[in-house]
Every structure is written in structure tokens, then in C-alpha cells.
Amino acid sequence: MRSKKLFLLDAMALIYRAHFAFIKNPRITSTGVNTSAVFGFTNTMLEVIKKEKPTHFAVCFDTKAPTFRHIDFPEYKAQREAQPEDITTAIPLVKRLVKAMNIPLIELDGFEADDVIGTLAKKAPKDEFDVFMYTPDKDYGQLVDEHIFLYKPAFLGNGIEVMGVPEILAKWEISRIDQVIDMLGLMGDKVDNIPGIPGVGEKTAVKLLQEYDSIEGILANADKIPNKIGEKIRAGKESALMSKHLARIEINVPVEFDEEDLKMCEPNTEELSALLDELEFRTLKTRLIKSDGSNQDLNKPETKDKPKAETNQMSLFGATEEEEVEKEVKEKDTINSVVHDYYLIEGKEQRAELIEYLMAQDEICFDTETTDVDAIDAEIVGLSFAYRAKEAFYVPCPPRFEEAKAVLEEFRSVFENEKIMKIAQNLKYDLTILSNYGIEIKGTLYDTMLAHYIVEPEQRHGMDYLAMNYLNYEPVSIETLIGGKGKKQGNMRDVPLEAIKEYAAEDADITLQLKTILDKELKKTSQEKLLYEVEVPLVSVLSSMEREGVKLDVQALQDLSDTLHKDLVITQSEIFEIAGMEFNVGSPKQLGEILFEKMKIDEKPKKTPTGQYATGEDVLSNYEAEHEIVKKILDFRELSKLKSTYVEALPQLISKKTGRIHTSYNQAVTATGRLSSTNPNLQNIPIRTERGREIRKAFIPRDSDHLILSADYSQIELRIMAAFSEDASMVEAFNQGIDIHSTTAAKVFGVELADVNSDMRRKAKMVNFGIIYGISAFGLAQRLGIPRGEAKDIIDAYFTQFPNVKTFMDECINKARETEYVETILGRRRYLRDINSRNQTNRGFAERNAINAPIQGSAADMIKVAMINIHDFMKAEKLKSKMILQVHDELVFDAHISEIEYLKEKVDYFMVNAIPMKVKIETGIGVGKNWLEAH
DNA sequence: CAAGGCACGC
DNA sequence: GACGTACGTGCCTTGT
């Protein structure tokens, strides 16, 4: 870090970014001026100043008419002409603004902003200045002297190592930094819209550069280059030179580096104020005036002559982009500094008094402190309660189980009171703990973690995060109590009572406050029902499934382990024999070197992003037929995966308490609304391969009076898509019970249903599969092992045959473009903020999600509702059978023999009727002595 | 201990 | 021609 920090802004680049960001939703003043671009520019500039606190600053403008360096390329021209008024009005306004801010504005006749920036960076005294440049693509990055001439992608980031010129070089297999420029010139448009030569890609560019050294060399020899590539190069000559020019930043333009000129100054408040009024940037102005406590009256003439306050020159800039955009200035309550009352409740009398208070409330918030993160094994240490903000109570529990249970027993009346809503963060954990002590909570429940999961599914939902975000408050971290992660972590039992009281009471207090805020958020988006009627009721269901656990046939796994071990040893020695040496087959690195360097099974091996040889299944299977070793390696991989991940890991997780394995369902991780399973993950137990299936045999019923019953939805996602799209032929196929993949195949390949062969069906199945998972034509080709063109033909045929599906997909995307989110049948949202992005990769990703999320998410909604209804039914009828597992579209039961027929009928009923659909929903139900047989 | 590579399920 | 290639969890290796 040097003492001075110079920031350089490319004004037109920022203006364009702002322009496009607001193109759908422009900001118009009451007099009809479009202020989108100037607004975006202003906020970005203030944000940069606020965040980076530069000591020196300049805004640079392009001067070549029409000013923008990329402006002459057709797509930019088209975009600009589509809505020009914003840009044209923005330029003079931005200039006025910059002037009012007393920030130097540099325009150099005949040169572009990037070149001015590059030159200033070059000229800045190296020992004094850190120089940064803001660009709309990557925010800002430091200009590193020796690489300033490179175009942005190569120099951004704090130093060349970070941004990865070495990576670029490794990836492109060129040896000289300056050739990066030539690469960009040749293949261009992958990098920030430099056009390059259409048709020349990475491989071609590398080959050409290796042969002819530079773009100039290539162009000089263009006539010698054969085939299409030669044609393309001859045709793209000008574009290549232009691209090279664009990719290079000039560092010798005639601009002086004058330190005094560039110094940050106080703005001219009078001018600034007038301009902000004119632009109607009210929030921004309020902030500017308010923060400047020394002089709130901006109309006072002496303001501009006020002496410079060097020490806190940045204090003016309090507003951020988000705040202004939302037009909502939230006065965050900084309760860290506010007094709170946390009480320690000890002894029966104090507890009785607390209980009396609690019983009088409509809502209480509670939290349990325990000895373990795993709820099944945890013992309770204490309980905390809160029923109004900034006040909370902590009740310690004695260490001995019976005594602790007695204390909890006193609170039974509270937990069982149906009139009191119980609020918690990660409710399932607390429910499970209390269940371990025989307490079943009744009444309405609320979980702030799940509330936030519904509000913002893709963010984090931890309490500390929520407290920071919504309350601007940093709670005491668990680490300060019991130490960091790892084996050094202490036990909650050993924490002094006073410390644990503060921590525990605070948790209850914070959770209560979060509930109030999250409730409002849910109301805004009408998602209360999803929380109250689906997610929260599901908590109890999952808690009881987890507590129930599943029995494992340990002996079967032991036998399997022995077999796998023998096979592994044999396979490994065979691999060593063929390879001619011993190595670690489990190391992708060593394996890659053996296959591609020693054995040279391919001249052009595929590499991973880090330059290692790729040895994934999809890559290796290409060589399977010609190289016996590859087959053995794949075998080895399968065997070791089964052995380490399942056969050996699962028995370790059998609970000492119950003798069964208890997975943990996470209800707040997936973007689509599905559950996930950990410790162990029981949602990825093998089924595809023969040997893998053996593992399912080890999942067995609790005793000889029970059997495993498995019920799964048949083609649930496709049925949901059929229902959503109302595509007649697809709905009909489902309603008639015809095999959907064959139906698809018949339509796509234009044959009679009876003439569909297995290959056609396989391809059609992949297409159906691909649509559900939102993969592209490329992905489909990859999976099917067919040329991309053929994959595209299949997809085109699909859309012709199922036109409503196409319409449905387009509607999904259009809706997302409009609202930036999509939703499921129960109103679960997934936000797709990249849907209007100009980065085609990100946009494509968002578009696939726009189709995928409603389908997968609705399927998740459906099985959640079914689970709740089935659980309620089983409880009401006091069945001995238990629901024990959920695997996305499948439910597994430990079913009492006497109840099997009844259970089958009811489970089918509740699954089929969970949510009414315009298409027939079907399930497949099986029963067996183990999980595999039940399928 | 984190990151990369790989593989399992739906 | 190149984009990047569903979502999760968990194992092993490698390098710090």
C-alpha cells in the first residue's frame, strides 16, 4: 500500500452501463428528462469514493465522435439508436456534475478515456501512488505498471497474479505476455465485446500465433493459410487489426500528470445542490446535506469558500446505489449500542414467574442451548425466551438428563399452549431437542430461518447474517464462547453462566426482532401461506423422520466391504501391470500423467481449467474401447467410491443411542425448494449400477414385523410441465398412461409409436431430462454423444411437435425478464437477477433457471404437501408405520406388515392429490425386505 | 485446512 | 467456434 490512491473513471463506459441497467425502467423527472444514465453514473462514482476513499481522482471522457470506443460496432450502434436520448442528455449533465464535485474532468482531443487512464497510470510516481481504474465489467482493479498496455481483463485485480495472466497464458498455451493482445485481437468477442475474427477460436488462434508470432505476421501470410480458416482471416483482416487496437491501451498520449490537479476536493455545494434539485435526486441530496453537519444550509453563499476539511472529506457521501434505487431510506436501529435487559432465571420460583409471563403472550420466541450441533445426540444446557424486543431470559438446565427433563417439564404448559405462537431460528433443531426430552410443541410455529429462505432463497440464512442484514447488529458469535472450529472447540457446558446468558438471551431477542421484519417481507410478496402452511408444518415432519432414523444391515455392508476390497486390490494390480508402474490410482493428477504422458493414449488430451489432465468419467469413457486400462480405472473408481462413501462411511454414522442412522434434512439450502440431506446424505445412495444397488439392500426395516415401503412420483417434473404448458399431446399421453419417452420419440423422430426403437427412446428421454434440468443443445449433444447439429435438430423437432411447451418456456423467460423472478405453483420464488444481463453466459444461465425452477420447485412443493398430509394422517390414525426418508420424488416408510395395504392406498392418495393438477399424477409403490426390493 | 477433481443421487 | 454445461453432498488428493 502506497500513501496515495488515484482513481480513474471511464465516464462513457459508466454512462453506458447505467443506461442499459435502467433501459427497462428508466428514471424520468417530472419535466420529462431521462436521468437514468446520469443517476447511475453519480451513484457509482459516490460509491467508489465512499468505499475506496481515494486521495486523488479523475473522470475521463472519450473524445472521438461519437465518443464511445466501441460505438461503431453494429450491435452497439443498434442499441444506442434504440434509445438515444438518455445517453445524449446524460453527457452534459455528467460533465456538470463532475464539475460541481470539483473533480478534474479530462478530455484529450483525439484520444479515448482508456488511453488517458493508461497514460496517467504510467506516469504516476510508482513509489507514491496506487492507481485504480473503474470499469463496468469487473468493478475496479489496480493498474499494474508492467502490464498497463494490456486490455482490462489482463490487468484488473490487485496485481497480475490475481487476475491470471499466467492462467490465460497457460490456458492458451502461448508464451509471451504481449501475445495476449494478439489473442484478443484474433478471437476477440469472448472478451468484453472485442469483435476479433468471426470463426477463429482459441485453438486456431494459438496455432496461428505459434506459427506466425503476431497478428501482423498472420495477416502478412494470410494467402498461405489454407481452407476456411484462411478465408476467414482474409475477410476479417480489418476486424483483427481494430480488435488489437481496442485490446491495447495506449500509454503515451499527451496528458500531464499533475498531482495537485488530481487531488480530491470538497464539492461546490451550491452548484451541486442546484443540480441535484434539477435532477430530482432527492434522497441523494438529503444524504449530502444531512451528513454535512457543519453546514446544513446549502443556500448560504459562504459554503463554497469553506476551508477544506482534509480529514473527513468523504463524510459527505453517505448514500449508496441501493438505497437510492429502493427510494427507501431505512433508519437502521443500531441496537448494539442500545441497552438491553437479559435476565438469568434460576430456581423454581423464578421459573414459575417467567412461565406466568410467557403464558400471557400471543407470541414467544425461544432457543435451546445444547452440547452438540447434532440434535439427536445433543443434551440440553439451557433455554432462552423473549416476548418483546430487547428483553430476554435465560434458563439454565442441570446436566443430568432426568433433572433437565424435570426443568423442561415445568415449561410443558407453555410449549403445549395452542394459543401461543412459538418462534425460533432453525426450529427443527429445537423441536428435535425438546422431543428428546419428551416435549411436543403445539400451536402455531414460526421459523425465521425458513421465513428468510422464502424471502431470499439463494442467500444465507444464519442468524448472525440475518442480524447484520436486517438489524444492523452483530451478535456474540459462538466462537467467542466455545472457540473456533475443529478439535479445539469447547463444550457449551464449560461456558460461564454469565456469558452463556448474554449469548443465549441475545439469540432469542434477535430472533424475535427478525420475525417482525421478515413477516413484513413475506406479506409484501404474499408468501405467508407458503411459510405457514408448507415450510413450517414440514419442520415437525422432518424432525420426526430424522429422529426415527433407518436401520442398517451392518453385516451385509461388512461383507460388501470385503468383496469390494478384494476387487479393488485385483483391479489396482491389473492397472499397475498395464501401466508398467505403481502409482496412486485415486489421484487424478498422477493418473492423468500416466495416461497422457507415459502411455500417450491421446495426443490432444483435454485439460481442466487449472491445466491438469481431465480424467472424469465422461472423458475416460471415450478411450474405454481401445484401452483396457481405462476400463479398469473406471472400475476402480466405482469400487473405491462405493467403498469409501457408502460401505465404510455409513456404519460409522449409526447412533449409539438408537442403533440407527439419522440423516439431517436441510430445508433452506437449495435454490428451487428441494430438500437436501447430510450426515449422511441419504439422497444419493447408489441405484444405477449393479454393485451400487447392493448398498440399498443394507437399508432394512426395523424388525421382522415391518417391511420397507417406497412410493415415488412417476415422471413428476414432466407431468408438471405438461400441466403448466397445457400441451395437448403431452397431457393426453400422461392421461392415457402411455410411456412418455416413447411418445416423445415417436413425435420427434416422426414415426409410429410402435416403431420407436430403444435408441430413439433413449434420445427422447435425454431431451425430456434435459428440459427439466435446463441444459442446452450443447449439453444434450454431450450427454448423447452426438454432434451438436443433430442435437439441435432433435430439440427443434421437439418444439415443433410440442408447440405449447415452447410457448410455456418462452413465457417463463418473459415473465422473468419482466419481474426478475419466477415462481412455483405455491408461489415460491426464485430471483433471476441476471435474466437481463448483457453477459450472455449469465443470462443463459438465468434463462435455463427460469424454466427449470418453476418445474422442479413445484415438484418440491408437491411432495412437501404430500409429506405433511401423510404425516398428519399417520399420526391421527396412530399407525405403527413411520415415514423415514425423502429422496426428492420418493418417500420411504418403515411399514408395519398389518398396515401395508392401507398405507399403500393412503400414501398414493395423498401423493396424487397433494396439489390439484391439470394432468394425471401417478405414483409407483413397492414393498420389500429392503430398500432395493421395495423399488 | 482449503481447493480441486471426481462421482453419487434426482 | 466457443460459450458452459441442473442441484446438491462427500470422498480423496494435493499443497500450504
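The structure displayed is predicted, hence computed values, not measured ones. Naming: A, B, ... by sequence-line order, numbering from 1 per chain.
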* Within the pair A/Asn584 and C/dT13, is there a side-chain N or O less than 4.0 Å away from OP1 or OP2? -> yes
* Looking at A/Glu790 and A/Lys763, does any basic side-chain N land under 4.0 Å from a carboxylate oxygen? -> yes
* **Watson-Crick or G-U counterpart of B/dC6, or none if no pair lies under 3.5 Å** => C/dG10
* Asked: Are any of A/Ser587's side-chain N or O atoms less than 4.0 Å away from OP1 or OP2 of C/dT14?
  -> yes
* Structure fact -> Of B/dG5, C/dC7, B/dA7, the nucleotide closest to the side chain of A/Pro588 is B/dG5
* Asked: Going by atom types alone, do A/Arg761 and A/Thr744 pair a side-chain donor with an acceptor below 3.5 Å?
  -> no
* Whom does C/dC3 pair with, Watson-Crick or G-U wobble, provided both distances fall under 3.5 Å? -> none
* Asked: Can you find a side chain N or O atom of A/Thr645 that sits less than 4.0 Å from OP1 or OP2 on B/dC8?
  -> no
* Is the distance from OP1 or OP2 of C/dG4 to the nearest side-chain N or O of A/Thr841 less than 4.0 Å? -> yes
* When A/Arg830 is tested against each of A/Glu820, A/Glu823, A/Glu458 for salt bridge (charged side-chain N to carboxylate O under 4.0 Å, His left out), which residue passes? -> A/Glu458
* Any idea which of B/dC10, C/dG8, B/dC8 is nearest the A/Ala671 side chain? -> C/dG8
* To do: Specify the separation, in whole Å, of atom CD1 of A/Ile685 and atom C1' of C/dG10.
  => 11 Å
* Of all the nucleotides listed (B/dA7, C/dC7, C/dT5), which has the minimum atom distance to the side chain of A/Arg848? -> C/dT5
* Just compare C/dT14, C/dG8, C/dG4 and give me whichever is closest to any side-chain atom of A/Thr670. => C/dG8
* Asked: Hey, is A/Arg691 close enough to A/Asp635 for a salt bridge, meaning N to O under 4.0 Å?
  -> yes
* Structure fact -> Taken to the nearest whole Å, CD/A/Gln683 to P/B/dG9 is 13 Å
* To do: Consider the side chain of A/Thr678, meaning its heavy atoms from C-beta on, and name the nucleotide among C/dT9, B/dG9, B/dC10 that approaches it most closely.
  => C/dT9
* Rounded distance in Å between the C1' positions of B/dA7 and C/dA6 -> 15 Å
* OP1, OP2 of C/dT14 versus side-chain N and O of A/Gln590: anything below 4.0 Å? -> yes
* A/Arg674 near the nucleic acid: base, sugar-phosphate alone, or nothing, with a heavy-atom cut-off under 4.0 Å? -> base
* To do: Name the nucleic acid region contacted by A/Asn666, choosing base, sugar-phosphate or nothing; use a 4.0 angstrom heavy-atom cut-off, strictly under.
  => nothing
* Between A/Glu648 and A/Gln856, who's closer to the 5' end of DNA chain C by nearest nucleotide? -> A/Gln856
* Any ion pair linking A/Glu690 and A/Arg696 (charged N to carboxylate O, less than 4.0 Å)? -> no
* Length of the CH2-C1' vector between A/Trp931 and B/dC10, whole Å -> 11 Å
* To do: Quick one: label A/Ile687 by what it contacts on the DNA or RNA (base, sugar-phosphate, nothing), any heavy atom closer than 4.0 Å.
  => sugar-phosphate
* Asked: A/Lys606 or A/Asn679: which one's nearest nucleotide on DNA chain C is closer to the 5' end?
  -> A/Lys606
* P spacing across the pair C/dT5 / B/dC6, given as an integer number of angstrom -> 15 Å
* Grab the CD1-P distance between A/Ile633 and B/dC6 for me, whole Å please. => 12 Å
* Asked: How would you label the contact of A/Arg696 with the nucleic acid (heavy atoms, under 4.0 Å): base, sugar-phosphate, or nothing?
  -> sugar-phosphate
* **Nearest-angstrom distance from the residue atom CD of A/Glu717 to C1' of B/dC10** => 7 Å
* Asked: Contact class for A/Thr672 (heavy atom, under 4.0 Å): base, sugar-phosphate, or nothing?
  -> nothing
* From the options C/dC3, B/dG5, C/dG8, select the nucleotide whose nearest atom is closest to the side chain of A/Ser676. => C/dG8
* Among B/dA7, C/dT9, B/dC10, the one nearest A/Val887 by side-chain distance -> B/dC10
* A/Asn681 side chain: which of C/dT9, B/dA7, B/dG4 is closest? -> C/dT9
* To do: For the pair A/Tyr453 and A/His461, name the ring-plane relationship: parallel under 30°, tilted 30 to 60°, perpendicular over 60°.
  => perpendicular
* What is the nucleic acid contact for A/Ser677, judged by heavy atoms within less than 4.0 Å: base, sugar-phosphate only, or nothing? -> sugar-phosphate
* To do: Determine the contact category for A/Lys589: base if any of its heavy atoms lies under 4.0 Å from a base atom, sugar-phosphate if only primed atoms, P, OP1 or OP2 are that close, otherwise nothing.
  => sugar-phosphate
* Salt bridge A/Lys643-A/Glu648, side-chain N to carboxylate O under 4.0 Å -> yes
* Nucleotide C/dG8, atom P - distance to CG of A/Leu682 in whole Å -> 18 Å
* Rounded to whole angstrom units, what separation is found between the CZ atom of A/Phe769 and the C1' atom of B/dC10? -> 7 Å
* To do: Rounded off to whole Å, could you give me the CZ-to-P distance for the A/Phe845 and C/dA2 pair?
  => 23 Å
* To do: Pick base, sugar-phosphate or nothing for A/Asn852, based on heavy-atom distances below 4.0 Å to the nucleic acid.
  => nothing
* **Parallel, tilted or perpendicular: ring planes of A/Tyr613 versus A/Phe596, cut at 30 and 60 degrees** => tilted
* Structure fact -> Closest of B/dC10, B/dG5, C/dC3 to the A/Thr615 side chain is B/dG5
